[in-house]
Protein chains: 2
Amino acid sequence: MYARVENDTKGRRQVFEACAEPCAIERGMRMIGGKWTGSILWHLKDGPVRFNDLSRMIGGASKKMITERLRQLEARGLVRREVMDTAPISVQYEITDFGRTAIGFLDALRAWTESLPQDTSAP
Amino acid sequence: MYARVENDTKGRRQVFEACAEPCAIERGMRMIGGKWTGSILWHLKDGPVRFNDLSRMIGGASKKMITERLRQLEARGLVRREVMDTAPISVQYEITDFGRTAIGFLDALRAWTESLPQDTSAP
DNA sequence: CAGAATCCAACCGGATACTG
DNA sequence: CAGTATCCGGTTGGATTCTG
């Protein structure tokens with residue numbers, strides 16, 4: 001089981017892939033290398049965050065993207081979604097223990113990127 | 001200097017970006033998270049490899065993609081291209097010292113991916 | 001051998017508007 | 001607040017053909 005094909009509400013074909021790539025590097029990249037995926041995981045590392053807060057933390061990504069990536073991370077077991085019974089409604093996203101196993105790698109990546117010469121920004 | 005815009009031979013707009021993303025995770029991902037980029041770097045870690053050999057090592061990627069990614073890695077200083085004076089012509093790609101600084105976390109990624117349950121493949 | 005050129009369908013992702 | 005739905009232009013990347 002490596003690729004899952006479903007139809008969305010309008011019957012359009014949607015492909016979810018766990019990646020059939022034999023190279024571990026490549027599979028890993030497709031697991032957490034998607035646009036915004038790493039950032040989301042990173043911003044969840046210190047505790048649960050609500051949807052709109054996450055949206056604000058990751059400036060540049062549209063809500064659509066954030067939602068898509070969160071759903072993907074949830075399906076892969078890296079993130080947990082929890083609906084709080086408040087008014088107005090609020091939803092919390094939390095990194096799972098499994099998700100946390102990826103933080104080490106992400107931190108190595110962060111360190112590497114920040115060490116680059118043309119780099120003068122904050123994480 | 002973060003985005004460079006050029007026109008190709010047919011005057012079509014081409015955008016090369018060093019990524020203006022303020023988040024280091026995100027920038028890093030765009031630096032080495034492109035499709036096949038990590039794999040290429042990984043397969044160069046043990047010494048110079050020729051174009052077609054690389055192509056064969058990374059089954060699934062078209063020559064077009066390999067070429068594109070190699071050019072990108074070269075432009076970013078992670079890889080060196082060397083034309084050997086032989087007949088027929090042969091070209092070697094070699095990882096630079098700078099490129100080698102990325103191998104650490106690529107290996108962390110590999111280890112993480114291989115530890116995943118549904119994983120039964122070789123790198 | 002090591003690409004470059006061209007074509008084109010599929011996918012991506014931002015903008016916008018709407019909802020319970 | 002936390003999304004969903006829809007539109008749509010731009011980009012991606014595979015297939016194919018050609019070349020020095």
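Just so we're clear, the structure is a prediction, and the values are computed from it rather than from any experiment. So that the names make sense, note that chain A is the first sequence line, chain B the second, and so on, each numbered from 1.
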Given DNA chain D, 5'-ward residue of the pair A/P88 and A/K64, judged by closest heavy atom:
A/P88
For A/K35, which contact category applies under a 4.0 Å heavy-atom criterion: base, sugar-phosphate, or nothing?
sugar-phosphate
Residues A/D107, A/R110: salt bridge by 4.0 Å N-O rule
yes
With the side chain of B/R81 defined as its heavy atoms from C-beta on, choose the nearest nucleotide among D/dA2, D/dG13, C/dA2.
C/dA2
In whole Å, what is the span from the CD atom of B/Q72 to the C1' atom of D/dG13?
13 Å
Does a side-chain N-to-carboxylate-O contact under 4.0 Å join B/D53 and B/R56?
yes
Between P on C/dC12 and CE on A/M65, what's the gap in Å once rounded to a whole number?
9 Å
Spacing of B/W36 atom CH2 relative to D/dG14 atom C1', expressed in whole Å:
11 Å
Closest to the A/T67 side chain: D/dA2, D/dT4, C/dA4?
D/dT4
How many Å lie between CZ on A/R30 and P on C/dC12, as a whole number?
11 Å
Among B/R71, B/M65, B/Q72, find the residue that satisfies the side chain to side chain contact (heavy atoms under 4.5 Å, CB included) test when tested with B/E68.
B/M65
Of D/dC1, C/dA2, D/dG3, the nucleotide closest to the side chain of A/S90 is D/dC1
With a 4.0 Å cut-off on N to O distance, would you call A/R81 and A/E74 a salt bridge?
no
Report the distance from atom CZ of A/R50 to atom C1' of D/dC1, rounded to the nearest whole Å.
7 Å
Rounding to a whole Å, what distance do you find between B/I89:CD1 and D/dG20:P?
13 Å
Report the distance from atom CZ of A/R71 to atom C1' of D/dA5, rounded to the nearest whole Å.
14 Å
I need the CG-P distance between B/L70 and C/dC1, as an integer number of Å.
16 Å
